[in-house]
Amino acid sequence: MSNDTRDIVEELLRRMAEGDHDRTAELFAEPIDWQLDWPAEGHPAVPWIRPRSSRADVADHFRSLEAHHVPELNGTSVTRILVDGAHAVVFGEIVQTVRDGGTAYTSPFALHLTVEDGLVTLYHIYEDSLTVARALSAQA
């Protein structure tokens, strides 16, 4: 596999879409600079929001996302990938349905990634956290 930033980002997105959490995690460096656009304390209805630093943490993050959503109803899409050297920004729209309660939600997102030596070293995602929290809170 290429160490090119675009190639690694496209492979990451492919593995994420396939739901292969362990293979997705293999693309991450250890430790990973991980940040989700949420308040530091997270939200009790959204259990995957917590600090991550290892490949095992990354796989757990994606497993938790899947456990709380209906994968067959995932309509998440990527609209643009911008690459500047080691940095990439992915723009798109998250479309998910909460497993418990069936609440659907949509959120635009921007994902900032850095790739070094063929591995993702930085993963910062910005999304409409209020929409996600409301959708997950509706299941109660």
Checklist entry - Quick one: CH2 on Trp38 to OH on Tyr126, what's the gap to the nearest 0.5 Å? => result 15.0 Å

Next on the checklist: Can you confirm whether Arg50 sits close enough to Trp34 that some side-chain heavy atom of one is under 4.5 Å from a side-chain heavy atom of the other?
Outcome noted: no

Checklist entry - Tell me, do Glu93 and Thr106 make a side-chain contact under 4.5 Å, heavy atoms counted? => result yes

Next on the checklist: Pairing donors with acceptors under 3.5 angstrom, does anything connect the side chains of Asp100 and His68?
Outcome noted: no

Next on the checklist: Please identify which of these residues, Arg63, Arg15, Glu26, Glu66, meets the side chain to side chain donor-acceptor pair (under 3.5 Å) condition with His21.
Outcome noted: Glu66

Checklist entry - Are Arg52 and Asp60 ion-paired here, with the side-chain N under 4.0 Å from a carboxylate O? => result yes

Item to check | Residue that, paired with Phe91, satisfies side chain to side chain contact (heavy atoms under 4.5 Å, CB included) out of Leu82, Ile81, Val78 | outcome: Leu82

Item to check | Close side-chain approach of Val120 to Ile32, heavy-atom, < 4.5 Å | outcome: yes

Next on the checklist: Does any part of the side chain of Val115, heavy atoms only, come nearer than 4.5 Å to the side chain of His87, both counted from C-beta?
Outcome noted: no

Checklist entry - Roughly how far apart are Glu127 CD and Asp37 CG, rounded to 0.5 Å? => result 7.0 Å

Checklist entry - Can you check whether Phe109 reaches Ile125 side chain to side chain, under 4.5 Å on heavy atoms? => result yes

Item to check | His69 vs Tyr105, ring-ring contact (aromatic ring centres under 6.0 Å, His included): CA-CA, chis, key distance, verdict | outcome: CA-CA 11 Å; His69 295 93; Tyr105 65 91; 5.6 Å; yes

Checklist outcome for this item: Output for pair (Leu73 CG, Arg99 CZ), nearest 0.5 Å, gives 9.5 Å

